[in-house]
Amino acid sequence: MNLLIVNAGSSSLKLRVLDDEDQVIDEKDVSDWDGSPGPIEAMAGDAVVHRVVHGGDRFDGAAVVDDEVEAAIEDLVSLAPLHQPKALELIRASRSGGRPVVACFDTSYHRTLPDAASTYALPAGWRERFGLRKFGFHGLSHAYVARRVPELLDREVPRLISCHLGSGASLCAIEDGRSVDTTMGFTPLDGLVMATRPGSVDPGLLLWLQTSGGLTAEEIGEALEHNSGLLALSSRSGDLREVLEGVEHGDEACRLAYDVYLHRLVGEIARMAAALGGVDALAFTGGVGEHSAPLRAAVARRLDWLGVVLDAESNESSAPVISAPGAPIALCVIESREDLTMAAQAREVLGSDAS
Ligand SMILES: Nc1ncnc2c1ncn2[C@@H]1O[C@H](COP(=O)(O)OP(=O)(O)O)[C@@H](O)[C@H]1O
Ligand SMILES: CC(=O)OP(=O)(O)O
Ligand SMILES: [Mg+2]
């Protein structure tokens, strides 16, 4: 059975048709995607498999979409307003086309988070009433990294840090293949500085903006989703390539944007290392992680105290392994293949029909 894999990100739509050997037989990327389902309709595939960012408490794996599953996905719209509504629209369009539809969730890989990592120190009544906890995201990507790095290095990697750096960005601490900590939280706003999202900010600051700054929750939400992060700091772009270009031309705002991005990134990597009690390998994935040699070099320099040693030449060519030979921590560059995680999950829930 051929699968049409639909990966709707915050800024892009990536479509892949995989045959039953997982070979890509057709693909289409829409980088400035407007949210419309048009591009999907023209693509082949016997079933359509969608990435859905938030699966909440309801989904700990992929699901064949029926009315009840669709309603459960809709219930989670408020927790990921940048992603969930678009995915829902695509799912509805696919269902009306008559092909079987499967949903795969960014959150399900993180169901192994220990309580110490997933629990917010908030009133018990709130946690119970609202189901407040760290869910974590980009799980389809982190799961692929967890599988691919030991294959690539041809050895076991008990303590791995996966750095998914795209428009959205998150880290995952992976112990023996399982997620044990991650930087995103209840929503995909937490953690690292991203293209247009700020990552972690003092919750007191957000409260103050409402009580004393006169901003509404809607205004704050809009700024946190669309007008923060690299874009806000650089006043130029959320695209790290353009920020780095600005740095080269002496643009002070771009310099600050890059410094903040890096400061937070290396700090969070160190936090993941602490959760794992050490690191055997660190993997870069996502648009920035796969393609930005200068960013990877800067991260490596700032983590030399941890035992990170880069091989400059392999880094420049974005080779699969970019650490110096014999370095205590392996550094890998992994092409993000959420589609392969999704295909495996979809074949499992579609059962024998899918083989
Ligand atoms: N060579 C590069 N240097 C820096 N950033 C890059 C490079 N290539 C791509 N990017 C960034 O990667 C991001 C897109 O990553 P991707 O993982 O495809 O995003 P998403 O899936 O979140 O839409 C964009 O913000 C783009 O600026
Ligand atoms: C969860 C998330 O932020 O996804 P993306 O990186 O695709 O925006
Ligand atoms: Mg993505």
Side-chain angles (χ1 to χ4, degrees), residues 5-16 27 29-33 35 50-55 76 79-87 90 104-110 134-145 162-172 182-199 224-226 228-231 234 236-248 254 257-258 261-262 265 284-299 315-318 333-339 341-342:
I5 310 285
V6 180
N7 180 349
S10 50
S11 72
S12 62
L13 176 68
K14 294 175 188 158
L15 304 172
R16 301 280 180 275
E27 60 188 303
D29 283 354
V30 186
S31 54
D32 282 314
W33 174 53
H50 290 267
R51 170 185 177 216
V52 177
V53 159
H54 218 307
L76 295 163
L79 295 181
L82 203 57
H83 302 83
Q84 204 87 347
K86 289 183 187 168
L90 294 181
C104 300
F105 299 91
D106 258 22
T107 41
S108 61
Y109 180 64
H110 299 293
K134 183 190 277 278
F135 287 103
F137 299 88
H138 293 131
L140 300 163
S141 171
H142 293 308
Y144 177 72
V145 169
S162 168
C163 307
H164 179 102
L165 309 174
S167 307
S170 74
L171 306 181
C172 185
T182 190
T183 56
M184 283 181 167
F186 182 63
T187 75
L189 277 176
D190 205 3
L192 301 172
V193 173
M194 303 174 227
T196 66
R197 288 170 259 171
L224 295 176
E225 298 280 6
H226 299 290
S228 297
L230 287 175
L231 174 66
S234 69
R236 177 190 283 238
S237 172
D239 187 327
L240 189 67
R241 277 171 294 201
E242 290 185 39
V243 173
L244 284 169
E245 224 174 86
V247 172
E248 279 186 13
C254 288
Y258 186 53
Y261 184 94
L262 253 182
L265 176 55
F284 294 94
T285 192
V288 173
E290 287 165 46
H291 304 296
S292 185
L295 183 273
R296 293 191 302 257
V299 168
N315 184 47
E316 276 310 311
S317 62
S318 297
V333 178
I334 306 289
E335 184 195 358
S336 184
R337 291 297 306 269
E338 288 146 305
D339 59 318
T341 309
M342 291 165 68

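Every number for a ligand or one of its atoms is a count from 1 in the order of the listing.
- Looking only at heavy atoms of the protein, atom 7 (O) of ligand 2 is closest to R51 NH1, 3.0 Å.
- Atom 21 (O) of ligand 1 has K14 NZ, 3.5 Å as its closest protein atom, hydrogens excluded (heavy atom only).
- Between H164 and H142, the ring-plane angle classifies as perpendicular under the 30° and 60° cut-offs.
- Remark: the backbone N or O of N315 is paired with a side-chain donor or acceptor of R296 at under 3.5 angstrom.
- Against a heavy-atom cut-off of under 4.0 Å, L240 is close to the following atoms of ligand 1: 4 (C), 5 (N), 27 (O).
- In summary, the atoms of ligand 1 found under 4.0 Å from a heavy atom of G286, numbered by their order in the structure, are 17 (O).
- The shortest N or O to N or O distance between G287 and ligand 1 is under 3.5 Å.
- R197 places a side-chain N or O within 3.5 Å of a backbone atom of P188 that can act as its donor or acceptor partner.
- H83 NE2, 3.5 Å is the protein heavy atom nearest to atom 5 (P) of ligand 2.
- With T107 contributing its side chain and G55 its backbone, the two residues share a donor-acceptor pair below 3.5 Å.
- Checking only distances, H164 never comes within under 3.5 Å of ligand 1, N or O to N or O.
- Within the listing of ligand 2, atoms 1 (C) sit less than 4.0 angstrom from a heavy atom of F137.
- If you check which protein heavy atom lies closest to atom 27 (O) of ligand 1, you get D239 OD1, 2.5 Å.
- Of the inter-residue distances, the one linking T182 atom OG1 with L171 atom CG reads 7.0 Å to the nearest 0.5 angstrom.
- When the options H291, R241, R296 are ranked by their closest heavy atom to atom 3 (N) of ligand 1, first place goes to R241.
- A distance of 6.0 Å or more separates the ring centres of H110 and F137.
- When each atom of ligand 2 is checked for a heavy atom of G168 under 4.0 Å away, the hits are 3 (O), 6 (O), 8 (O).
- Between H164 and ligand 2, no N or O atom pair is found at a separation short of 3.5 Å.
- Close approach to D106 involves these atoms of ligand 2, each under 4.0 Å from a residue heavy atom: 1 (C).
- Nearest to atom 3 (O) of ligand 2 by heavy atom, out of H54, M194, E338, R197, is R197.
- Within the 3.5 Å criterion, the main-chain N or O of S12 finds no donor-acceptor partner in the side chain of S31.
- Given atom 24 (C) of ligand 1, the protein heavy atom at minimum distance is S167 OG, 4.1 Å.
- Residue M184 has no nitrogen or oxygen atom sitting less than 3.5 Å from a nitrogen or oxygen atom of ligand 2, judged on distance alone.
- Here the heavy atom of the protein found nearest to atom 11 (C) of ligand 1 is V288 CG2, 3.7 Å.
- Near G9, meaning under 4.0 Å from any of its heavy atoms, are these atoms of ligand 2: 7 (O).
- Protein heavy atom closest to atom 6 (O) of ligand 2, with residue, atom name and distance, is H138 NE2, 2.8 Å.
- Taking CG of L15 as the reference point, atom CD1 of I5 lies at 10.0 Å (rounded to 0.5 Å).
- Numbered from 1 in the order shown, with element, the atoms of ligand 1 that lie under 4.0 Å from a heavy atom of G168 read 22 (O).
- The main-chain N or O of V288 is never found under 3.5 Å from a side-chain atom of S292 such that the two would form a donor-acceptor pair.
- Each of the atoms 20 (P), 21 (O), 23 (O) of ligand 1 lies under 4.0 Å from some heavy atom of S12.
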